[in-house]
Amino acid sequence: MFGDLDDLYQDIILDYSRNPRNFRKIESPPARVVEGHNPLCGDELTLYLLMDGDVVRDVAFEGAGCAISKASASAMTTAVKGKTRSEALKVLENFHDMVTSGNAEVFEDDKLAAFSGVHKFPARVKCAMLGWRALESSLSSTDDESGAGVSVEKKTITTE
Amino acid sequence: MFGDLDDLYQDIILDYSRNPRNFRKIESPPARVVEGHNPLCGDELTLYLLMDGDVVRDVAFEGAGCAISKASASAMTTAVKGKTRSEALKVLENFHDMVTSGNAEVFEDDKLAAFSGVHKFPARVKCAMLGWRALESSLSSTDDESGAGVSVEKKTITTE
Amino acid sequence: MPETTSSQKKNADAVDWRKLKKDFPILDQQVHGVPLVYFDNAATTQKPRAVIDSMSSYYLEDNSNVHRGVHELSNRATSAYESARKRAAEFINAGDTRGIIFTRGTTESINLVAQAWGDANFKPGDRILLTEMEHHSNIVPWQLIAERTDAELIYVPVTGDDGRLDLTRLEELLSRNVKLFAFTHVSNTLGTINPAAELCAMARKHGVTTLVDAAQSAGHMPVDVAEIGCDFLAFSGHKVCGPTGIGVLYVKGEMLEKLPPWQGGGEMISSVDFFKTSWNEPPYKFEAGTPNIAGAVGLHAAMDYLDGIGRRNIFEHDRELGRYAWRRLSEIPGIRLLGPADERIGLVSFLLKDAHAHDVTTFADQRGFALRGGHHCNQPLMRKLGVASTVRSSFYFYNDTDEIDRLVDVLIQIQKFFAG
Amino acid sequence: MPETTSSQKKNADAVDWRKLKKDFPILDQQVHGVPLVYFDNAATTQKPRAVIDSMSSYYLEDNSNVHRGVHELSNRATSAYESARKRAAEFINAGDTRGIIFTRGTTESINLVAQAWGDANFKPGDRILLTEMEHHSNIVPWQLIAERTDAELIYVPVTGDDGRLDLTRLEELLSRNVKLFAFTHVSNTLGTINPAAELCAMARKHGVTTLVDAAQSAGHMPVDVAEIGCDFLAFSGHKVCGPTGIGVLYVKGEMLEKLPPWQGGGEMISSVDFFKTSWNEPPYKFEAGTPNIAGAVGLHAAMDYLDGIGRRNIFEHDRELGRYAWRRLSEIPGIRLLGPADERIGLVSFLLKDAHAHDVTTFADQRGFALRGGHHCNQPLMRKLGVASTVRSSFYFYNDTDEIDRLVDVLIQIQKFFAG
Ligand SMILES: Cc1ncc(COP(=O)(O)O)c(C=O)c1O
Ligand SMILES: Cc1ncc(COP(=O)(O)O)c(C=O)c1O
Ligand code: FES
Ligand code: FES
């Protein structure tokens, strides 16, 4: 009914944005906290990441962004929970490839494939990547010895 | 033979430029000295002015400029010698009107009329005015009490 | 602020606005399979054919470098460039071409004042007064120079969603060791028209230098620097139907001599030595290097075009559209409209319930509407209003109420789509 | 410096130069009743139809503001602007678009480095090394920042009428607490081609930052920043067949992060508060306000056009013209030719006996020749050479030997006319 719009705003994306998943705080410490910021629109997203050694034990987010960013962050949290650091980064890489190329092959049978329509909207790729870039930044930081979470002040999400 | 060029480079102008009149120094003091500078080409002209009360007793110049500037400065020296300050300024005003408008009426039967062709060459009006502007600046300065000439360091000729 | 007299009203009614639209070839196109409706005029205006052709003709017939040449093309280029300057002086009633400096745009004009005048004039503890509704281009240059000179920024508050300056506080703010008051003539987010002449008069009373950001007013209403009484005024070519890459900084006569040079290079000098340089006269002193000659030619054509219609007529036309849009948009349940309900330019900023500004603009784009979503380079104001972004629909004389009606229909669809 | 190999030689011979001239409508006209011969290419080059049309098309079809919009036109404008940046990176082999900053031209590019980098890096007593053959645009910005920071200017001498840098002194000069060495790739008055890579290598050895003024080289020969090894390089659109109002500053990767912002405003920020701002990533950090979008589009078309011909071919063509002109002009009794007899670009500067440069250019103009007379924004050099002005005839690929023959005839006439 809406052409390209249907590709972008698939039902699952609308659902995830109206009812975001893992949309909550995780206490910090022990969680790491990263604030992602999209300079194009001014939207901000706070990501909470709780690691268990090399494994993502829990991940959640808060913030008021657009439908794409909320849905994508929701999908991200469900996709990486339980994954190791390097597995999570691999998913991120594939996700980025998909939203810039439109090729959803890797994600067949996966909810993440719903985001392949984003590639037709170059100005919205940053929206789809906001939560993921916050994750990337959080994964690359390390917990300090006391076990307290590392709080990265604010991370501007500039690369798509 | 040369169309507009003949209007610009009239015989008298060529003569005045090849054999400039009053092309010499006047000792200072008592003469006032002004350096005129045309920023468009970098040419510089030094004007020497010797007043006798309100009257131009002697006026001369030196410098390496284009044919128009040398001829015009030559003509200026012969035109204003013996004139009062205000008479000289009036000639200057008429001369400026002529080289910008082309109207040579005031100078009928006068060598200054030869410069009316300059108005067809707007980029050269500053050349024709260089010596005159130096004169204007010199006339507007005053000799100090000791009778020593006033040396205006350098005057940039910016207005046409 | 422009007054409407009945005779001028008649003029605006007499203009054939539909016919003018035909002067803009870009507007006659489909995007995503539907007709384009261009409602992003506050970001940049479209260009009439006369403007586009003027620049092509310049390059096809007269192109040369300016000022220092004596050959025919150089004479033509110089006179084209200088007559654009003369036209710009008329456009804002500057009286004198010496005070018309060509820059890249409003932003560069403001940076010139901040870095050249500001650097020479601000001392530690001096205050720079801005307003909370300034565009980033009228904030960041002052932050940079404030940091360099240890001056301090203070702000005239904005009252809230109805987006007016709180003028009750102005007198007191001006008396706090303020050196410069820089404010926008028209807000690019709220649509507010500030009483520029009144603000400048108050500043003058306190000996405060004034800069008016006319980016949003110059193409939309009569702008008269003599009437406003400001010391500096800036606007951009691309927002007045002219090309990108050209703008104007107006400097009042008495300021000109005191303004130090900013960029160094060709044209702005009188004489250069290896170790010492003397400056050319204004305005050349402030224009280093080869200027945007074709840009000035295009701007000249744009100013002719706008004044051919009459900026008062344009103002009235756009104001009607703004009021109409305000009324029609108010019908959408849960919409939040920002800025004053009247005394505004033809521009509306709003938020739909349940739909983020960027989702709205993406959706509307697919329906042919060019809207802008975001912070509109007004982040501090947005934070104050408690929003990250708004949707902005900004009109010009080639827009009409029919387009607004269609927009309202699409917005209602969008609202439903995202509310679910 | 470009080398001629026999295979490339063949390429230049294979180009149909006469046909290329037809791409420049402006050249097909009469001035003062005679055919125009445009020999003022060092001041600005003419524009091929493809460049003019690219900008018209942009305004007729795609015009919008860039970067922050999500609608169709804004996407098109953004991608046009950013693909011009990519093309500029290729044009000078910059590798990365992050180091391509769009400015108004060479002059603004140099001012950016002087005011942003220079201000942060020069300390009292530091030295800025220039050469005696620099254009005012590569002198005055350094004088201004030297005065602000109490740094000092020193100059690499020029040898004399044959116009080469005295490189025997360079090593010693570089060791005198020099922070930055800024030099022109090609002299706009002498035609000298400086060995840029060699100069940069020497500077690097002494830990000295380098800036290359490529205004006269970028459109006339292959320019490769990787090969040159400079930290900064600047050129202007209008001298490479592109429009006025656009130019490039190249910044080497490792310099980018250390370069503070210069102008403040829209686009260059990441986040703005009333009192604090964080910057966007390069190159956006250095581009405040609405850029010259159409200018970038035109520059893109110009770079495509030039590289379609091949800048090595252009270089060889122009060098042949330069050599031919030098030979023919030498026949005129009493003429004084400046600059090296070979290893030069297609440009000759000279003085006739008995005729002042401006009288020569005025006269030649009436015969259809666009020459430039004056100091060519090289006053300090002129003073050193003991002249106030020269006549300059500068060639491009659309010129030919026939035009030069006609010029020589006219110069002989002029000589006679003024000698009497
Ligand atoms: C060597 C050189 N440097 C710098 C410039 C200044 O270029 P622009 O005027 O385009 O800024 C020029 C052109 O006049 C030049 O020839
Ligand atoms: C109020 C206001 N000031 C300044 C600017 C900056 O203008 P420009 O980007 O043309 O420099 C704008 C436009 O975005 C504006 O709306
Ligand atoms: S619009 Fe802000 S993240 Fe999508
Ligand atoms: S060219 Fe210098 S004064 Fe005429």
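All figures in this text were calculated on a predicted structure; none of them were measured in a lab. Every chain is numbered from 1, with letters handed out A, B, ... down the list of sequences.
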Find the one option among C:Asn75, C:Thr277, C:Thr290, C:Asn63 whose heavy-atom pairs under 4.5 Å with chain D are most numerous. C:Asn63

Heavy-atom distance under 4.5 Å to chain D: side chain of C:Arg76, backbone, both or neither? side chain

Taking the ring centre of each residue, are D:Tyr59 and C:Phe24 less than 6.0 Å apart? no

Under 4.5 Å from any heavy atom of chain C - which part of D:His376: neither

Please determine, among D:Leu27, D:Leu153, D:Asp28, D:Ile110, the option with the most heavy-atom pairs under 4.5 Å with chain C. D:Leu153

For chain C, find which of D:His136, D:Arg49, D:Gln115, D:Met55 contributes the most heavy-atom pairs closer than 4.5 angstrom. D:His136

Counting heavy-atom pairs under 4.5 Å with chain D, which one of C:Pro243, C:Ser236, C:Pro380, C:Gly265 comes out on top? C:Pro380

Exactly one of C:Leu371, C:Asp40, C:Thr362 clears side chain to side chain contact (heavy atoms under 4.5 Å, CB included) with D:His71, and that residue is C:Asp40

For residues C:Ser137 and D:Met268, determine if any side-chain heavy atom of one lies less than 4.5 Å from a side-chain heavy atom of the other. no

State, yes or no, whether a side-chain contact exists between C:His238 and D:Asn65 at a heavy-atom distance under 4.5 Å. yes

Quick one: are C:Lys276 and D:Gln143 in side-chain contact, heavy atoms under 4.5 Å? no

With a 4.5 angstrom heavy-atom cut-off, is it the side chain or the backbone of C:His375 that approaches chain D, or both, or neither? side chain

Which atoms of C:Val51 approach chain D - backbone, side chain, both or neither, heavy atom under 4.5 Å: neither

Between chain D and each of C:Gln29, C:Glu61, C:Gln46, C:Glu108, count heavy-atom pairs under 4.5 Å; write down the option with the most. C:Glu108

Under 4.5 Å from a heavy atom of chain C, the part of D:Glu147 involved: neither

C:Gln263 versus chain D, the contacting section by heavy-atom distance below 4.5 Å: both

Of the listed residues (C:Gly373, C:Pro25, C:Ala370), which shares the most heavy-atom pairs with chain D below a 4.5 Å separation? C:Ala370

Counting only heavy atoms closer than 4.5 Å, note whether C:Met382 contacts chain D via side chain, backbone, both or neither. neither

Could you tell me which non-hydrogen atom of C:Arg104 sits nearest to which non-hydrogen atom of D:Thr103, and how far apart they are? NH1-C, 4.0 Å

Are any side-chain N or O atoms of D:Thr244 and backbone N or O atoms of C:Ile293, one a donor and one an acceptor, separated by less than 3.5 Å? yes

Can you find a pair of side-chain heavy atoms, one from D:Arg372 and one from C:Ser74, that are under 4.5 Å apart? yes

Over 60° means perpendicular and under 30° means parallel, so tell me whether D:Phe274 and C:Tyr155 are parallel, tilted or perpendicular. tilted

Is C:Leu73 close to chain D through its backbone or its side chain, or both, or neither, when contacts mean heavy atoms under 4.5 Å? side chain

Non-hydrogen atoms of D:Gly264 and C:Pro141 that approach each other most closely: O-CG, 3.4 Å

If you define the side chain from C-beta out and look only at heavy atoms, does anything of D:Glu72 sit under 4.5 Å from C:Gln366? no

Name the member of C:Gly105, C:Ser64, C:Gly374, C:Gly295 that forms the most heavy-atom pairs with chain D at distances under 4.5 Å. C:Ser64

Using non-hydrogen atoms only, which part of D:Trp142 is less than 4.5 Å away from chain C: side chain, backbone, both, or neither? neither

Considering non-hydrogen atoms only, spot the tightest contact between D:Asn292 and C:Asn292 and give its length. ND2-ND2, 3.7 Å

So which part of D:Pro291 gets closer than 4.5 Å to some heavy atom of chain C, the side chain, the backbone, both or neither? backbone

What part of D:Ile269 gets closer than 4.5 Å to chain C, counting heavy atoms only: side chain, backbone, both or neither? side chain

Side chain, backbone, both or neither: which part of D:Asp119 has a heavy atom under 4.5 Å from chain C? side chain

Pairing donors with acceptors under 3.5 angstrom, does anything connect the side chains of D:Asp273 and C:Gln379? no

Contact class of C:Ser57 relative to chain D, heavy atoms under 4.5 angstrom: neither

What residue, out of D:Asn111, D:Ile246, D:Asp53, D:Leu130, has the most heavy-atom pairs lying under 4.5 Å from chain C? D:Asn111

So, for C:Arg383 and D:Val272, which heavy atoms are closest and what is the spacing to 0.1 Å? NH1-O, 2.7 Å

Can you tell which part of C:Leu144 gets under 4.5 Å to a heavy atom of chain D, answering side chain, backbone, both or neither? side chain

Taking every heavy atom of D:Val140 against every heavy atom of C:Trp279, the minimum-distance pair comes out as CG1-CZ3, 3.7 Å

Which region of C:Thr45, side chain (C-beta onward) or backbone (N, CA, C, O), has a non-hydrogen atom less than 4.5 Å from a non-hydrogen atom of chain D, or is it both or neither? backbone

Chain D: which of C:His135, C:His32, C:His358 shares the most heavy-atom pairs with it under 4.5 Å? C:His32

I'd like to check D:Ile26 versus C:Leu60 (side-chain heavy atoms, cut-off strictly below 4.5 Å). Are they in contact? no

Show the nearest heavy-atom pair for residues D:Gly266 and C:Cys377, with the distance to one decimal. CA-SG, 4.0 Å

